[in-house]
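Any value given below was found using the heavy atoms of this structure, including those in side chains, with hydrogens, waters and symmetry copies removed. FYI, the numbering just counts along the sequence from 1.
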Amino acid sequence: MSLFGDGLDAAVQKAFTRPAPKSAGAQMRYLVKQLKGTKAVAQTLRISQRTVERYVRNQIKKPRPDLAARLEREVKTRWQPQVRARARQQAATTGGIVIDTRARMGYTAPIGSTDQDRIRHLTVALPPRYAARLFTAQEAGAGDRELKEIAAEALKEVYFQDSGRRAGSLEEVRFTDIEHLEFDL
């Protein structure tokens, strides 16, 4: 589970104009249409082609929990790609992204300052350039560590340095323990 990646996906999913299919049969039919065949769906979900066909015909209605999770994940990653792209583009060019986090955060600063990690609850609007960096890194397959570094850099500039108005010699901001993380476009 990728905390930052899943958070970015959830933010984009809020822009969907229609709900994704809920039942296993509807989800399976959607995937068959998207992947152009039952064989491709079977390979993607790691089940037999016959099982896919039985879901499509509603002969099986309730999948195992692990299959239900894979099925939902595959549908959500393919659902409304144009809406998803438009939401990402808008966040990356004009809207920016809001990060709401409750985390233990600290920073590296010069000697004599208080850089002790402490729990902070921050809700900060990040400028579009950071939204663009987050989405670009996510699309390139960046892991949680890379996404966390981009978010920490954004918080350093926007929150800790007040967009350059308090430009001190703050070197680095770090997340050490995240209790809550949510993104919003």
Side-chain angles (χ1 to χ4, degrees), residues 1-22 26-27 30-31 33-36 40 44 69-109 119-185:
M1 179 178 87
S2 168
L3 186 63
F4 281 81
D6 292 347
L8 289 170
D9 286 339
V12 170
Q13 289 171 9
K14 291 176 187 175
F16 288 167
T17 57
R18 295 183 331 235
K22 297 269 190 268
Q27 289 175 331
Y30 174 76
L31 284 177
K33 186 176 180 182
Q34 290 296 307
L35 298 176
K36 298 180 180 19
T44 301
R70 288 194 313 263
L71 185 58
E72 184 174 347
R73 186 182 64 244
E74 292 299 327
V75 168
K76 282 191 174 181
T77 59
R78 289 170 173 77
W79 188 249
Q80 293 191 331
Q82 288 132 346
V83 172
R84 181 187 308 272
R86 189 171 46 243
R88 286 176 176 226
Q89 181 65 29
Q90 182 178 359
T93 57
T94 58
I97 193 165
V98 175
I99 183 171
D100 178 42
T101 185
R102 179 171 164 78
R104 181 168 296 282
M105 298 172 73
Y107 52 87
T108 305
I119 293 190
R120 300 171 192 263
H121 183 199
L122 303 176
T123 302
V124 179
L126 303 179
R129 69 179 176 277
Y130 285 110
R133 285 183 58 198
L134 284 165
F135 287 131
T136 301
Q138 184 187 29
E139 288 172 8
D144 239 19
R145 187 177 59 74
E146 293 91 357
L147 295 172
K148 187 189 296 187
E149 288 172 5
I150 295 169
E153 183 182 329
L155 288 174
K156 171 187 162 187
E157 180 188 324
V158 175
Y159 179 78
F160 290 101
Q161 292 181 335
D162 197 16
S163 298
R165 289 187 279 279
R166 284 188 287 176
S169 54
L170 185 66
E171 298 167 14
E172 173 192 47
V173 172
R174 64 187 174 277
F175 287 94
T176 54
D177 184 28
I178 301 170
E179 295 176 9
H180 166 79
L181 177 75
E182 186 176 329
F183 290 100
D184 200 5
L185 303 179

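- Here the CD-CZ distance, from Gln27 to Arg73, works out to 12.0 Å after rounding to the nearest 0.5 Å.
- To the nearest 0.5 Å, atoms CE (Met105) and CG (Leu122) are separated by 5.5 Å.
- When all heavy atoms are compared, the tightest approach of Leu147 to Gly5 is CD1-N, 3.7 Å.
- Side-chain contact between Arg78 and Leu35 is present, with at least one heavy-atom pair separated by less than 4.5 Å.
- Not a single donor-acceptor pair under 3.5 Å links the side chain of Glu74 to the backbone N or O of Leu71.
- The only member of Ile99, Asp100, Asp6 that meets side-chain contact (heavy atoms from CB on, under 4.5 Å) when paired with Leu181 is Ile99.
- Note that the CG atom of Asp177 and the CD1 atom of Ile119 stand 7.0 Å from one another [nearest 0.5 Å].
- Residues forming a side chain to side chain donor-acceptor pair (under 3.5 Å) with Arg133 (at least two apart in sequence, or on another chain): Glu153.
- Partners of Tyr130 by ring-ring contact (aromatic ring centres under 6.0 Å, His included), not counting sequence neighbours: none found.
- Taking the ring-ring contact (aromatic ring centres under 6.0 Å, His included) definition, one finds that Phe183 meets it with nothing, sequence neighbours left out.
- Proximity of Thr44 to Leu31: side-chain heavy atoms (C-beta onward) are nowhere separated by under 4.5 Å.
- With sequence neighbours excluded, the residues forming a side-chain contact (heavy atoms from CB on, under 4.5 Å) with Val98 are Thr123, Ala125, Asp184, listed by chain and number.
- Between Thr94 and Gln89 there is no side-chain heavy-atom pair separated by less than 4.5 Å.
- Proximity of Gln13 to Trp79: side-chain heavy atoms (C-beta onward) are nowhere separated by under 4.5 Å.
- With rounding to the nearest 0.5 angstrom, the CG atom of Leu8 is 10.0 Å from the CG atom of Leu3.
- The two residues Ala151 and Leu134 make their nearest non-hydrogen contact at N-CD2, 4.3 Å.
- With sequence neighbours left out, the salt bridge (charged side-chain N to carboxylate O under 4.0 Å, His left out) criterion links Arg104 to no other residue.
- In this structure, Arg120 CZ and Thr101 OG1 are separated by 11.5 Å, a value rounded to the nearest 0.5 Å.
- By the salt bridge (charged side-chain N to carboxylate O under 4.0 Å, His left out) test, Arg18 pairs with no residue at all, sequence neighbours left out.
- Listed by chain and residue number, Glu179 satisfy the side chain to side chain donor-acceptor pair (under 3.5 Å) test with Arg102 (two or more places apart in sequence, or in another chain).
- Under the side chain to side chain donor-acceptor pair (under 3.5 Å) criterion, Gln138 pairs with Asp9, Arg88, not counting sequence neighbours.
- Here the straight-line distance linking atom CD of Glu149 with atom NZ of Lys156 works out to 12.5 Å at 0.5 Å rounding.
- In this structure, the salt bridge (charged side-chain N to carboxylate O under 4.0 Å, His left out) partners of Arg129, at least two apart in sequence or on a different chain, are Glu157.
- Residues Ala91 and Ala131 come closest through the heavy atom pair O-CB, 3.5 Å.
- Considering only residues two or more places apart in sequence or on other chains, Thr17 meets the side-chain contact (heavy atoms from CB on, under 4.5 Å) condition with Gln80, Val83.
- In this structure, Arg145 and Phe4 have side chains that are not in contact, with every pair of non-hydrogen atoms separated by 4.5 Å or more.
- When the side chain to side chain donor-acceptor pair (under 3.5 Å) test is applied to Lys14, the partners found at least two apart in sequence or on another chain are Glu182.
- Residues passing the salt bridge (charged side-chain N to carboxylate O under 4.0 Å, His left out) test with Arg70, sequence neighbours excluded: Asp66.
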